[in-house]
Structure formats: structure tokens, C-alpha cells
Amino acid sequence: MPIDKTYQPSEVENRIYRVWEEAGAFRAGRPERAAAKPYSIVIPPPNVTGSLHMGHALNNTLQDILCRFERMRGRDVLWQPGTDHAGIATQMVVERQLMERQQPGRREMGREAFLRRVWEWKAESGGTIVNQLKRLGASCDWSRERFTMDEGLSKAVIKVFVQLYNEKLIYKDKRLVNWDPKLLTAISDLEVIQVETRGHLWYLRYPLEGKTFDPEDRSTYIVVATTRPETMLGDTAVAVNPDDERYKHLIGKQVILPLVGRRIPIVGDAISDPEKGSGAVKITPAHDFGDFDVGKRHDLPQVNIFSIEAKLDLKNNADFLRGVPSSDELDQTMQLHGQDRFVARKAIVARLEEKNLVEKIEPNTHVVPHGDRSNVVIEPFLTDQWYVNAKALAVRAIDAVRDGRTRFVPKNWEKTYFDWMENIQPWCISRQLWWGHQIPAWYGPDGKVFVAETEDEAIARALAYYEETGVLRHHQTQEMARHPEKRAPILTRDEDVLDTWFSSALWPFSTLGWPDKTKELDRYYPTSTLVTGFDIIFFWVARMMMMGLHFMKEVPFHDVYIHALVRDASGAKMSKSKGNVIDPLAIVDEYGADALRFTLAAMAAQGRDIKLSTQRVEGYRNFATKLWNAARFAEMNGCASVANFDPKSAKETLNRWIGHETAMAAAEVTQAIEAYRFNDAAGAVYRFVWNIYCDWYLELAKPVLSGPDAAAKAETQAMVAWARDEILKLLHPFMPFITEELWAVTSSPLIPDGATRHTPGDQEATDAGSRPAPGPQMTGRGLLALTEWPHLEGLADEEAEAEIGWVVDLVTAIRSVRAEMNITAAIPLVLAGVSPGTRTRAGRWAEFIKRLARLSDISFAALAPRGSVQLVVRGELAALPLKGVIDLAAERARLAKEMQKADADIARVDAKLGNANFVARAPEEVVEEEKEKREEAVGRKAKIAEALERLQDVS
RNA sequence: GGGCGCGUAGCUCAGCGGAAGAGCACUACCUUGACAUGGUAGGGGUCACAGGUUCGAUCCCUGUCGCGCCCACCA
């Protein structure tokens with residue numbers, strides 16, 4: 001079947017993907033690889049209800065390159081796919097949907113109905129991202145797809161929770177958390193972002209006890225500065241710096257808290273910076289992280305001005321005053337109950353102003369914590385939450401990176417990792433949400449906690465406990481154990497769910513079947529490589545390290561490749577609100593998945609953000625077209641793969657040369673991928689395909705392919721096909737679709753060893769993988785995805801390199817002159833006074849050179865003909881007799897310029913070689929190189945001089 | 001306040017100790033039997049600045065100036 005004139009990705013990609021899937025090409029543990037070394041990667045699970053964005057495209061392209069590369073190198077590859085339930089994000093999406101459809105909200109419908117609704121939404125949209133990954137070409141083992149809320153993974157989550165609880169590494173604690181007043185849940189430190197905000201600094205006067213407050217008399221009050229005046233209701237102290245002469249004498253005295261009337265002490269504490277604000281600071285232990293610690297140091301009470309039930313019955317903002325001891329003023333005149341915090345702030349400031357208690361208000365820009373999802377101001381809030389003792393788990397996670405069991409690429413991310421790990425805070429894992437893994441903790445009527453893997457177990461433990469403590473009698477517990485309906489009121493389950501990242505932290509082993517001892521766990525854990533963005537090093541990588549080491553006693557992965565962010569062409573972060581999002585699927589539709597993948601790989605240099613422009617994608621789409629047409633050319637010239645062809649058997653210099661170049665390129669690509677240098681790998685294969693194979697090899701092969709030498713022709717046909725096949729292999733990890741398609745199209749049928757070429761077969765490419773061999777003599781060659789990666793040895797050939805290099809240089813030099821002088825007609829070439837070796841070469845390559853440089857004739861002479869343009873090619877003169885065409889003055893000037901350059905080169909080298917220190921201290925090979933450079937330049941200079949002299953003769 | 005990174009051709013970026021590179025854009029020529037999604041040739045850079053180390057610095061060190069990002073309880 002002749003190859004189409006242009007490659008149509010849209011027609012090919014889906015079909016090819018189906019072929020791979022039907023052949024089970026991406027299955028881990030294929031029987032024939034039972035003895036192979038495993039290679040495993042777990043996918044960073046995308047949000048199950050999400051859709052593919054450019055970050056996914058980059059992330060998964062890189063993983064796919066590694067997986068396809070290792071698969072071709074014979075490894076038993078497991079690319080473990082799956083999706084994440086993404087607690088908050090998914091819950092928000094569904095809630096928004098309910099709102100848009102004007103359906104009852106989450107609270108109105110209740111937990112059970114709401115969860116049903118989320119599962120429906122998951123069923124509806126959950127396949128989207130998976131299909132999108134397939135469109136990208138991701139070679140995941142889809143038969144092993146997992147979801148963080150699958151039965152198996154949920155079992156792992158519960159097991160981990162219970163075990164950590166029993167080990168006292170998970171505990172419940174009442175302390176300040178980051179409370180998101182919009183989502184009405186606690187969030188972890190990592191989910192808080194600091195936003196620079198323009199606000200105010202209020203200077204408040206707190207009257208001193210025992211003095212009559214007089215705004216004119218500064219000795220009757222102390223001024224505190226605050227950015228959150230409403231929290232004053234919860235103040236339990238005023239702090240001054242113990243070394244501050246202005247306030248030292250007040251330490252130990254009391255102030256009367258305005259509006260509330262509470263007496264609170266003035267304490268000395270280093271938290272107070274005399275330089276800042278007024279030098280005195282209000283202390284609100286229940287509403288500020290710093291103040292919380294001060295409160296601990298000075299044993300201050302914690303006055304929570306929000307309702308303790310806030311998480312249950314608050315609407316949209318933190319409710320006020322539930323916890324504040326009442327004062328008549330607050331209760332009766334201010335009406336703060338249920339108010340929005342910012343409304344309350346205004347009311348409080350207004351009231352303080354009325355009472356002359358506000359000294360001044362300054363504009364103040366400061367950083368304010370916001371929820372990363374809700375984007376509202378976070379409220380530090382004193383509640384009971386569950387925590388993981390991350391500090392304890394971090395120890396081994398730090399060691400593992402320290403001693404290199406896990407290594408980051410690029411290495412500088414290790415510092416970021418260490419900095420965070422070494423200062424790690426308790427991880428708040430409970431969320432007041434519904435979508436997620438519900439915490440396996442049950443409470444007795446007295447608040448006693450029972451943590452267990454199942455409710456039955458919790459009940460059994462509770463009954464035993466209450467019997468032992470005398471709360472229940474033996475016969476009661478017996479009865480309850482027998483009759484479940486009677487025990488219902490005994491225990492209530494914790495309503496909260498776990499942070500999504502808790503289940504993600506288990507991903508490398510939970511997806512492999514843990515806690516069961518599976519053969520997959522045994523074979524694929526620890527995984528080989530993790531590929532992820534730097535933005536989730538803390539969220540995810542660090543936590544997988546901790547959990548992996550704790551539960552598996554081994555690191556979860558050996559290498560962590562950290563890639564950059566994809567930004568838009570001008571460097572801005574892509575976001576929906578900015579409208580600068582480039583949809584990867586739109587790119588795939590327009591240019592093909594291969595073009596997008598290649599672009600991402602080519603731009604994935606370590607350590608820098610990727611600014612994606614569609615122009616660049618277009619360029620690589622063109623590259624795909626180039627490859628396609630090169631394959632077409634081969635096809636049209638009868639170049640078909642020869643079974644068991646050995647490129648080392650090539651006799652033709654040209655063929656030995658392409659063997660040499662192919663081997664070099666293969667080595668370059670291999671080493672680059674091994675080192676995670678995706679851009680280098682992509683660059684190497686690009687240059688080889690376009691600038692070596694297409695630009696020179698195919699051009700030089702043309703005369704042979706249409707020439708009379710049957711043996712040379714047959715060898716060249718085989719070699720063209722061989723190099724093309726090697727290209728398809730080298731390019732396959734980057735451009736899997738077009739390469740697989742070409743592999744299929746060009747492989748049917750193969751020419752049996754030693755036979756001559758006949759017309760190409762016309763079999764459908766679709767079934768290249770599964771089709772039986774076409775005939776007794778033919779060998780089907782299966783899928784490219786499962787074909788062996790090139791390991792080319794013994795093909796280096798410096799002699800061929802030198803010879804073809806000379807041809808290339810000569811042709812280039814002649815073309816340059818032609819273009820500069822605007823000569824279109826065929827012209828003759830005279831090689832003047834060249835060595836016998838060059839003479840032979842020229843004879844051998846005459847036809848090629850004539851064709852590529854458009855020459856009418858090549859001849860030899862002792863001297864360049866008068867009126868010639870004279871070129872120095874590899875130290876010898878090539879003359880183009882252009883009498884009448886050439887401008888002697890211009891030619892003289894050109895040669896003079898060349899001469900200057902030669903002189904400059906010689907001078908520079910001489911400066912080096914004349915430097916005794918250089919000769920003495922530089923490495924020998926460098927000195928040798930310089931000497932060679934000098935020799936070359938001197939030779940060149942002599943030839944230019946000769947040419948100039950010859951030119952003088954004419955004038 | 002700490003940490004990380006970046007300033008190289010008009011644009012986007014590689015290179016990171018031994019004579020400045022790519023893609024795109026630009027200019028000229030080419031409908032030559034694989035490819036105009038192409039070919040050939042060309043213009044364009046004191047590698048941010050200042051010191052230092054070195055025989056030699058775009059590359060290493062120090063500082064300065066710009067620009068990002070991350071972390072941090074400061075009013």
C-alpha cells in the first residue's frame with residue numbers, strides 16, 4: 001500500500017491506540033518478560049472528575065517516554081494508572097453543580113444523598129481524563145487502573161490510620177487550625193497561601209486597671225496595634241518586650257479589655273517587637289498562631305470567640321461571640337451574634353471609636369493567609385482535629401534522601417525537601433467534608449474514642465471498655481453484643497473524612513495491593529521513578545516517602561524527576577480566570593499528539609518553566625511530516641527492511657557513514673533519556689532525522705538508488721530502510737503514533753533475507769501487531785512498542801565519516817557561492833592542485849557532487865583557472881571558473897576577509913601556545929588540539945594566499 | 001526574614017571551563033519526481049553589570065542591578 005502523501009494524525013492515533021490495547025502491549029508482567037527486570041512508575045493520580053490540562057500533558061508525556069524507552073529495552077514495565085477522589089475539589093464541583101441546577105444543596109439533601117450524587121458524578125465524568133490520557137498516547141497498564149476510594153485502597157487507608165493511631169503517630173488534639181470559613185473545614189498548612197493584601201493597622205487603647213481612662217493622658221492606657229481588631233474580644237493578655245523601657249514597668253499590671261470588661265494581664269514576651277506597631281501587642285491565643293504559643297508560655301486562657309459548633313451550623317462565615325463570656329454591652333447593643341467577621345470588625349471598631357479607644361488607623365500592607373481552594377481569608381480556629389506526627393515519620397524519609405536511596409533529579413530540589421522535612425509540623429488530616437475516607441473512629445457517650453478497622457470491632461472494644469470501667473454490667477454487654485439493634489446509641493462515628501493527600505501518600509503501595517502480600521507488591525515496589533511537578537513535593541512526594549518507609553520499610557521510588565510548570569507563551573501561569581489556558585486536546589486535534597509530546601519533551605530542560613507556544617508545536621508537526629515523507633521516499637525507492645540485515649556488512653562508504661551516524665545518534669538519545677535529559681534526547685533525534693538522514697543521506701543515496709550498480713543499489717535500499725527503522729525506534733518514545741504507524745506500514749511484507757525487492761504489500765496496517773506472518777518466508781515484526789531498542793555497536797567508521805564529511809563541506813561551500821553570486825545555471829568545478837587522495841575521492845563522488853551542487857563538470861588542474869572563485873575546502877582549493885560573472889574586486893575582498901579570519905585564528909592560537917603556562921598546565925589533549933587548529937589555520941591561510949595570488953594574475 | 005532559580009540572536013530557549021547554538025521570525029533564491037507542513041543560502045549576539053579564581057570564563061566564586069518562584073506565627 002503506498003503511503004499517503006501527508007500524515008493525518010487524527011485518522012491514525014485512535015486506531016493505533018486500539019491496536020496497542022488489544023495486543024496488551026502495555027500490560028505489566030507479560031509472560032515473555034517474566035525474567036526481565038521490572039521497571040515501574042506510579043502515575044500522579046489526576047482528579048477523577050477532572051480533565052487533562054497542559055501540566056498533565058507534560059507530566060504524562062515524560063512518564064510515557066521513560067516507560068516506552070524501558071519497555072523497548074526489554075524491561076517488564078508497569079505504569080500504574082489511576083485517579084484521585086480529590087476530596088475538596090470534587091465536593092466543590094458537585095456543590096456548584098447543584099447550585100447551578102437550583103437543586104437542594106449538600107446540607108439540605110444530607111450526607112448519604114449527597115455522597116450518592118458525587119458517586120453518580122464520578123461515574124458520569126470519571127472516564128474523561130483516562131480517555132484523554134489515551135489520546136496523548138500514555139502507555140499505562142489500564143487493566144490495573146485504581147481509584148483512591150476503591151475498596152482495596154480504602155482498606156489500605158483504614159489500615160494505615162488504625163496502625164498509626166495504635167502507634168501513637170496519629171492523635172486527636174485541640175489546637176489552632178487553619179479554618180476555611182467558606183468550605184467550613186480545617187485545612188493543612190500546605191493548603192494555605194499567603195496573599196499580600198492592603199489593609200489597616202488599628203491602634204487601640206486598652207485602659208490600665210486602677211486608672212481613670214483619659215485619652216489625653218497616656219499613663220492611663222496602653223496602645224496595642226492590630227490588623228484584626230475584631231479578635232480583641234478574645235484577648236487574654238497584652239504582651240510587651242521585657243527589654244522595652246517604655247513598657248517594662250507595666251509588666252504584671254492589668255488592663256481592662258474594652259467592650260468585654262475582662263481584666264487581662266500585661267506580660268513580658270519576646271514576641272513583642274519594640275520596633276513594630278506601638279511596641280505592645282494584644283494576645284489572642286484562640287485566634288492567632290503566634291499568640292497561641294504565647295498563651296502556652298504564660299498559661300493564658302484561650303477565649304474562643306466563635307461558636308464551638310461553628311463547623312456544623314455556620315452558614316458562610318465564622319459566627320461570632322458564641323464562646324465569649326457575655327457582657328451587657330455586647331449582648332444587648334452590638335448584636336454580633338451570627339454576624340460576618342468583617343461586619344463584626346466594622347461594628348467593633350466603630351464602637352471603640354465612639355469611646356475614644358482608637359488612637360489612629362494606618363494603612364498597612366501585609367500578608368494574609370487564604371485558603372488555596374476557597375480563596376477566602378483563613379481563620380485560625382481552636383478545634384479538635386486529627387493529626388499525624390509527621391516529625392517522627394520524617395526522620396527516615398530524610399535519611400533515605402540523605403544517603404541516596406532516593407534521589408531527586410535535578411538535585412537541587414533535595415534542599416527544598418530537606419528544609420521542609422526538617423521543619424515539618426503536625427499534619428492536620430481531618431476535614432469537615434463528606435467526600436472522602438471517613439475516619440475510622442467512634443465515640444462513646446462519654447466521648448471516649450475507639451479507633452478500629454470496622455464498626456463491629458470498635459463496638460466490641462467499647463463494650464469491653466465500658467464493662468471494665470463499670471459503666472455497663474456484663475449481662476448488658478452480652479446482650480448488646482447479641483442484639484445489634486440495641487447498641488445503636490452506644491457509639492457514634494466521627495463524621496470527618498481524611499485529607500485527600502492521606503490516601504495519595506499510600507499510592508505507591510496501595511495500588512499494588514497492600515495490605516495484602518501480592519506478587520505485584522513484591523515485584524514492582526519500590527518503584528523505579530516518580531515523575532512529578534515541583535508544586536507537589538510537599539503535598540505528595542514527601543508524604544509518600546514517609547508512608548512508604550513506615551509501612552513498606554523501603555523507599556517508594558528510587559528517582560524523583562521533578563519537572564517544571566507549563567506556562568503560556570508569555571510566561572504567565574495558565575489559569576481559567578486569565579483565559580490563557582492552552583487546551584492540550586485542542587493541540588492534539590490540530591497538530592497531533594506526537595507533535596505536542598515532542599514539543600513538551602524538547603522544552604523539558606531541567607530547571608526551567610516551559611513557555612509553550614503553538615508555533616513550536618507547529619514546527620514539530622512539520623518534523624513529523626518530514627519523517628513521514630522520508631519514509632514515503634524510501635517506500636517509493638524500493639527500500640524495504642530486510643530480515644536479519646546486518647548494517648556492519650555494508651560495503652558502500654555512504655552506507656557505512658549512515659551506520660556510523662545512526663550509532664552515534666542512538667548512543668546520544670539513549671544516554672540523554674537515561675539521564676532524564678529529555679530535551680537533549682529530543683534534540684539529538686531531531687537533528688539526526690532531519691539534518692543527517694534527510695538532508696544528506698537520502699540526497700546522497702538518490703544517485704545510487706537510480707543508478708546502474710545493482711549491488712550498490714540493493715545494499716543502499718536495505719540501508720535506507722534499516723536506518724529508517726532505527727529512527728522509528730529512537731523516535732518512538734517521543735512520537736509513538738506516527739512511528740508505530742510507519743512501522744506497520746513499512747513492515748508488510750518484509751523482504752526475506754537475500755531476496756530482491758518487489759512491490760509493497762497492501763495489507764491493512766491496523767493489525768500489524770496481531771497478524772500472523774504473511775507467508776512462510778516473511779516475518780511479521782510485531783509492534784514497534786515492543787521492539788528492541790537499538791544498541792548499535794561496531795558501526796563507528798571514522799574513514800567513512802571523513803570522506804562523506806568532505807563531500808558535505810564541498811557541496812556546502814559551492815552552494816554558498818552560488819547563492820551569494822546568484823548563479824542558477826550549472827557550472828563547472830576545477831579542483832586545483834589537490835592531493836591524489838582527494839582526486840580519488842572526487843572521482844568516486846563526482847556524480848553526487850555534481851548533482852547536489854548543480855555542477856556541469858568536475859575537472860582537475862594544477863592551478864585554478866583565471867577568473868575563478870576559489871574556495872578552501874578542508875585545506876584544498878576548489879575553483880569555480882566564473883569569468884565574466886565574478887566581480888574581481890569583490891572576490892578579492894572576500895578572500896582578504898577569509899585571510900583576516902585565518903590570521904586571527906592563528907594569532908589566537910599562537911597567543912595560547914606562546915603562553916608557557918598554557919602549555920605547561922593545560923591538559924595535553926587540549927594543547928594538542930590547539931596545535932592542530934594552528935596547523936589547519938596555517939594551511940588554510942596558505943591556500944587563501946595562493947588564491948589571492950592567482951587572482952592578482954588576472955587583474 | 002530565609003531558600004531556590006533566571007537574565008545568551010527580534011522572540012522562546014539550549015549550552016555551563018578550552019574558537020557562541022537551535023526553533024520560530026527575518027532576507028534572497030528555488031513549483032529540482034519524498035516533503036512548499038519543503039529546499040538552498042544569508043543577516044543577526046562585547047552570553048545583565050562589576051570584580052575575582054584560572055594558562056584560559058558565557059560557563060566557577062563574590063558583589064550589584066533587574067525578574068520569577070517557594071518557605072516563614074510577626075502586630
Side-chain angles (χ1 to χ4, degrees), chain A residues 3 5-7 176 189 194 201-203 224-228 239 271-273 276-283 288-294 364 366-367 369 380 410 412-413 415-416 419-420 423 534-535 537-538 564-565 569-571 573 591 595 599 602-603 605 607-613 615-616 618-637 679-680 683 686-687 694-695 698-699 702 706 811-812 815-820 822-824 851-852 854 904-905 908-909 911-913 915-923 925-927 929-930 933 937:
Chain A
I3 303 177
K5 190 165 177 187
T6 50
Y7 171 64
L176 278 187
D189 298 345
Q194 304 294 336
L201 197 52
W202 284 270
Y203 287 75
V224 295
T226 180
T227 54
R228 295 164 64 214
I271 193 177
S272 182
D273 180 347
K276 296 234 170 101
S278 63
V281 60
K282 58 195 269 322
I283 300 298
D288 181 282
F289 289 98
D291 293 359
F292 184 82
D293 296 338
V294 177
N364 181 39
H366 59 136
V367 287
N412 52 301
W413 290 109
K415 189 167 172 52
T416 305
D419 284 351
W420 190 71
N423 298 297
F534 62 78
D535 50 334
I537 292 177
F538 305 147
L565 245 52
S570 57
K573 203 167 175 172
Y591 301 104
T599 307
M603 301 191 77
R608 205 201 282 231
D609 286 344
I610 295 177
K611 289 182 198 154
L612 191 72
S613 77
Q615 270 190 340
R616 193 79 187 252
E618 195 180 329
Y620 291 119
R621 186 273 318 265
N622 296 351
F623 175 58
T625 307
K626 185 76 181 175
L627 173 73
W628 186 260
N629 279 296
R632 261 183 86 217
F633 169 83
E635 165 97 338
M636 291 165 79
N637 285 279
N679 59 321
D680 286 345
Y686 181 95
R687 278 191 302 278
C694 292
D695 287 351
L698 293 185
E699 291 306 323
K702 279 174 183 174
S706 59
V811 168
T812 305
R815 281 171 173 171
S816 179
V817 168
R818 299 182 64 104
E820 266 168 38
N822 214 357
I823 298 159
T824 48
R851 179 184 173 124
L852 294 181
R854 276 204 91 192
D905 288 349
R908 189 178 40 241
V909 178
K912 280 192 184 181
L913 291 173
N915 184 333
N917 277 324
F918 173 75
V919 181
R921 299 191 196 183
E925 62 270 20
V926 173
V927 176
E929 223 172 273
E930 291 296 322
K933 276 182 204 163

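A donor-acceptor contact shorter than 3.5 Å is absent between the side chain of A:Ser816 and the backbone of A:Thr812.
Distance CD (A:Gln615) to P (B:G10): 16 Å, rounded to an integer number of Å. The interatomic distance linking A:Asp609 (CG) with B:G5 (C1') rounds to 9 Å, in whole Å. Between A:Asp695 atom CG and B:A34 atom P the separation is 14 Å, expressed in whole Å. Going from atom CZ of A:Arg815 over to atom C1' of B:U32 covers 11 Å, rounded to whole Å.
B:A36 is unpaired under the criterion used here, namely a Watson-Crick or G-U wobble arrangement in which both key atom distances are under 3.5 Å. With both pairing distances under 3.5 Å, B:C67 is matched to B:G5 as a Watson-Crick or G-U wobble pair. Applying the Watson-Crick and G-U wobble criteria (two distances, each under 3.5 Å), B:U31 pairs with nothing in any strand. Here B:G21 sits opposite B:C13 as a Watson-Crick or G-U wobble pair (both hydrogen-bonding atom distances under 3.5 Å). Pairing of B:U62, defined by two Watson-Crick or G-U wobble distances under 3.5 Å, is identified with B:A50. When both distances must be under 3.5 Å, the Watson-Crick or G-U wobble mate of B:C73 does not exist.
Between B:U12, B:C74, B:A19, one nucleotide has an atom nearer to the side chain of A:Lys276 than all others, and that is B:C74. Here the nucleotide nearest the side chain of A:Met603, chosen from B:U12, B:C4, B:A34, is B:U12. For A:Phe538, whose side chain is taken as the heavy atoms from C-beta onward, the closest listed nucleotide among B:C24, B:G38, B:C71 is B:C71. Distance from the side chain of A:Arg616 is smallest to B:G23 among B:A34, B:G23, B:A41.
Comparing the C1' positions of B:C24 and B:C61 gives an interatomic distance of 36 Å, to the nearest angstrom. Nucleotides B:A20 and B:A48 are separated by 15 Å at their P atoms, to the nearest Å. Annotation: B:G10 and B:C47 have their P atoms spaced 13 Å apart (nearest Å). B:C26 and B:C67 have their P atoms separated by 32 Å, given to the nearest Å. B:G45 sits 31 Å from B:G5 when the P atoms are compared, rounded to a whole Å. Look at the P atom in both B:U64 and B:C4: the space between them is 15 Å, to the nearest Å.
Of the two residues near RNA chain B, A:Asp189 and A:Thr226, the one whose nearest nucleotide lies more 5' is A:Asp189. Position along RNA chain B of the nearest nucleotide to A:Tyr7 versus A:Tyr686 favours A:Tyr686 as the more 5'-ward residue.
Between B:U37 and A:Lys626, no contact under 4.0 Å exists linking OP1 or OP2 to a side-chain N or O. When the side-chain nitrogen and oxygen atoms of A:Asn423 are compared with OP1 and OP2 of B:A72, none of them lie within a distance under 4.0 Å. OP1 or OP2 of B:A34 sits under 4.0 Å from a side-chain N or O of A:Lys702. In this structure, A:Lys912 does not reach the B:G56 phosphate: none of its side-chain N or O atoms is under 4.0 Å from OP1 or OP2. Here A:Thr6 does not reach the OP1 or OP2 of B:C35: none of its side-chain N or O atoms lies under 4.0 Å away.
The closest side-chain heavy-atom distance from A:Val294 to A:Asp288 is not below 4.5 Å.
The residue A:Thr812 sits close only to the backbone: its heavy atoms come under 4.0 Å of sugar-phosphate atoms, none of a base. Residue contacts for A:Glu699: at a heavy-atom cut-off of 4.0 Å it reaches a base atom on one of the strands shown. As judged by a 4.0 angstrom heavy-atom cut-off over every strand, A:Arg632 is placed among residues touching the sugar-phosphate backbone only. Among the heavy atoms of the strands lying under 4.0 Å from A:Pro923 is at least one base atom, whether or not backbone atoms are also near.
Salt bridge present: A:Glu699 and A:Lys702 bring a charged side-chain N and a carboxylate O closer than 4.0 Å.
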Run the numbers on A:Tyr620 and A:Thr599 for side-chain contact (heavy atoms from CB on, under 4.5 Å), then give the verdict.
CA-CA 6 Å; A:Tyr620 291 119; A:Thr599 307; 3.4 Å; yes
